[in-house]
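In listed order, ligands and their atoms are each counted from 1.
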Amino acid sequence: MRSIEHIYINGEFVVPCGEDRLDLINPATEEKIGDVRLGNEDDVKAAVAAAKRALPSLASSTKAERIDMLHSLRDTIAAKPDELVRTMTEEYGAPSYFTAFSVQNAASIFDVMAEAVAAYEFDRLVGKSAIRMLPRGVLAAITPWNSNFGFIATKLAHAIGSGSPLVIKPAEQSALQTEVFARRLHQAGLPSGVLNIVNGTGPIVGAALTNHPDVATISFTGSTQAAKIIQRAAIDGMKRVILELGGKAPTIIMQDADLDQAIPIALMSGFANSGQACVAGTRILAPRSRMTEVSEKLRVEIENLKVGDPQDPQVRIGPLASHAQWERIQTYIRLGVEEGATLLTGGTGRPTGLEKGWFARPTIFTGVTNNMRIAREEIFGPVLCLIAYDDEEEAVEISNDSEYGLQAYVLGSDQSRALRVAERLLAGRVIVNGAPHDPRAPFGGFKQSGIGREIGAYGLDGMLEPRAILTP
Ligand code: NAI
Ligand code: MG
């Protein structure tokens with residue numbers, strides 16, 4: 001049992017003004033493992049004031065100084081991964097293959113930003129004008145629970161890279177992870193006020209940040225629903241919002257795909273992060289002529305995806321992050337059946353042998369049409385839809401017929417043909433034939449998946465605004 005009693009303001013761990021508490025639960029056991037004292041509006045005021053004081057000096061820092069800070073952050077995160085991995089497993093329940101990646105990735109995010117800063121042209125000459133890319137001001141970030149370390153690292157990397165002090169409100173149910181991460185970040189020795197972390201709920205701390213007049217930019221990752229509240233609130237303060245939201249990614253299995261290769265990739269993309277991933281490939285599109293073959297292969301391969309204790313290295317799917325998420329998934333599985341889809345595998349309830357913990361049964365629906373709600377809405381759990389298409393044209397059409405446009409996957413033997421299809425998809429990222437993670441690729445979506453991009457120069461552009469000086 002651990003009680004999180006502090007937030008991080010102006011380079012110090014301080015007791016928040018807020019007095020509400022939230023229980024922290026291990027999702028694999030449903031046991032209470034701690035609680036957190038939540039911040040309130042006064043804590044947001046103190047944090048934003050600290051960030052504002054840090055602005056002039058951070059805004060005028062050199063590339064070399066920013067790169068030094070980013071390297072220190074990388075080093076402190078990379079130094080002892082075990083404690084981070086352990087806390088993420090305990091509080092979030094991600095399987096070990098994913099926690100190991102997450103921690104290593106969080107460190108590499110700082111490195112990638114350091115490279116981007118080195119290459120970025122903060123000073124430019126356009127016509128006769130001298131341009132300097134200036135930070136817009138204090139950056140506020142609000143992040144979710146499905147990859148807490150990665151989100152904090154990404155927002156902080158953009159803050160330092162652009163010279164914008166940060167106030168971040170991580171997901172309240174990730175407070176243990178935030179605490180171990182913050183203690184580590186503190187060791188990087190950033191100037192006071194450059195990083196401020198306030199635990200709290202969306203409607204209280206999130207809203208106070210969104211409404212604060214001294215916040216210039218808001219970087220939000222989470223649900224499309226919360227993003228709309230934030231974006232509306234941002235209008236009065238004329239804040240820029242960068243939004244990384246949900247998805248309903250298509251995975252197109254091409255007519256010529258080798259199913260021995262394609263199906264395991266499709267399943268791992270669909271069930272990534274136990275299905276709690278905005279980038280998850282949750283609509284599998286397969287040629288109608290190969291439907292029986294594809295279904296059969298899916299049924300066989302899903303047996304290889306072990307569900308259970310996230311500490312078991314064989315496990316690929318852990319519990320859902322919370323009871324609310326578990327209920328949400330059950331509701332969608334019932335909805336799929338009501339809508340007339342057929343369960344190829346899975347269904348409601350817990351997998352056999354897992355009586356405790358928020359484990360859902362990995363579920364695949366067949367006979368899904370793209371107008372069903374299970375094909376249109378983000379479910380955010382291990383539930384996939386198999387949709388038939390007649391020809392390539394229709395595969396592209398179904399893929400793009402979505403409110404979302406975050407990520408897409410194409411799997412086919414003829415790579416150039418797969419590439420031609422990839423070029424017709426409206427998504428922030430298109431992954432061809434299981435290409436590995438590229439930490440330098442811009443990230444973000446079209447349509448309801450968001451506004452703006454993160455990573456590298458694309459990420460910096462969103463935090464900066466040009467000032468032109470014209471001389472006679
Ligand atoms: P959420 O969008 O409500 O939470 C994300 C963050 O936003 C948290 O820090 C939360 O405290 C904050 N927040 C919530 N309401 C806010 C408000 N009014 N003002 C300011 N900040 C606010 O996501 P939630 O409710 O935890 O999950 C619900 C669904 O959202 C999921 O099932 C999934 O479909 C989607 N989601 C998508 C994510 C993604 O990576 N794109 C991440 C988390 C959720
Ligand atoms: Mg919510």
Output the list of atoms in ligand 1 that are nearer than 4.0 Å to some heavy atom of G246, sorted by atom number.
41 (N)
Closer than 4.0 angstrom, basic N to acidic O: yes or no for E115 and R440?
yes
Who gets closest to atom 18 (N) of ligand 1 by heavy atom: I230, I229, L320?
I229
Heavy atom of Q325 under 4.0 Å from ligand 1?
yes
Could you tell me whether E31 and K356 have a side-chain N and a carboxylate O separated by less than 4.0 Å?
no
Would you confirm whether the ring centroid of W145 sits within less than 6.0 angstrom of the ring centroid of F380?
yes
For Y92, the option from N146, T99, N273 that meets side-chain hydrogen bond (donor to acceptor under 3.5 Å, both in side chains):
N273
Pairing of E179 and R183 as salt bridge, 4.0 angstrom limit:
yes
Which of the ligand 1 atoms, numbered from 1, are nearer than 4.0 Å to a heavy atom of A171
9 (O)
Under 4.0 Å from any heavy atom of I142, which atoms of ligand 1 are there?
6 (C), 7 (O), 9 (O), 12 (C), 20 (C), 21 (N)
Are R376 and D401 ion-paired here, with the side-chain N under 4.0 Å from a carboxylate O?
yes
Which residue owns the protein heavy atom closest to atom 39 (C) of ligand 1, what's the atom, and how far is it?
C278 CB, 3.7 Å
Can you report which non-hydrogen protein atom sits closest to atom 40 (O) of ligand 1, along with the distance?
N146 ND2, 3.4 Å
Minimum-distance protein heavy atom relative to atom 30 (O) of ligand 1
S223 CB, 3.0 Å
Which residue owns the protein heavy atom closest to atom 38 (C) of ligand 1, what's the atom, and how far is it?
F380 CZ, 3.5 Å
for atom 35 (C) of ligand 1, nearest protein heavy atom and its distance come out as E378 OE1, 3.4 Å
Nearest protein heavy atom to atom 4 (O) of ligand 1: under 4.0 Å?
no
Before signing off on this row, confirm whether G222 and ligand 1 have an N or O atom pair separated by under 3.5 Å.
yes
Indicate the ring-plane relationship of F101 and F98, choosing parallel, tilted or perpendicular according to the 30° and 60° boundaries.
tilted
Is the shortest N/O to N/O distance between L245 and ligand 1 below 3.5 Å?
yes
Of W145, F220, Y332, the one whose closest heavy atom lies nearest atom 24 (P) of ligand 1 is W145
Using a strict 4.0 Å cut-off to heavy atoms of K169, name the atoms of ligand 1 that fall inside it.
8 (C), 9 (O), 10 (C), 11 (O)
Looking only at protein heavy atoms, what sits closest to atom 6 (C) of ligand 1 is T143 O, 3.7 Å
Inspect the contact between E378 and R283 and indicate whether a charged nitrogen and a carboxylate oxygen are less than 4.0 angstrom apart.
no
Nearest non-hydrogen partners of I398 and A388, listed with the distance
CD1-O, 3.8 Å
Among all protein heavy atoms, pick the one closest to atom 43 (C) of ligand 1 and tell me residue, atom and distance.
P144 CB, 3.5 Å
What protein heavy atom sits nearest atom 29 (C) of ligand 1, and how far off is it?
R328 NH1, 3.8 Å
Counting heavy atoms under 4.0 Å, the part of Q276 that contacts ligand 1 is neither
Would you mind checking if E91 and R2 are paired as a salt bridge, meaning a charged N to carboxylate O distance below 4.0 Å?
no
Short side-chain donor-acceptor distance under 3.5 Å, T217 and R136
yes
Does G202, backbone or side chain, put an N or O under 3.5 Å from an N or O of ligand 1?
yes
Begin from the C-alpha positions of R453 and E244 and carry the test salt bridge (charged side-chain N to carboxylate O under 4.0 Å, His left out) through to its verdict.
CA-CA 8 Å; R453 293 292 180 273; E244 307 291 354; 5.8 Å; no
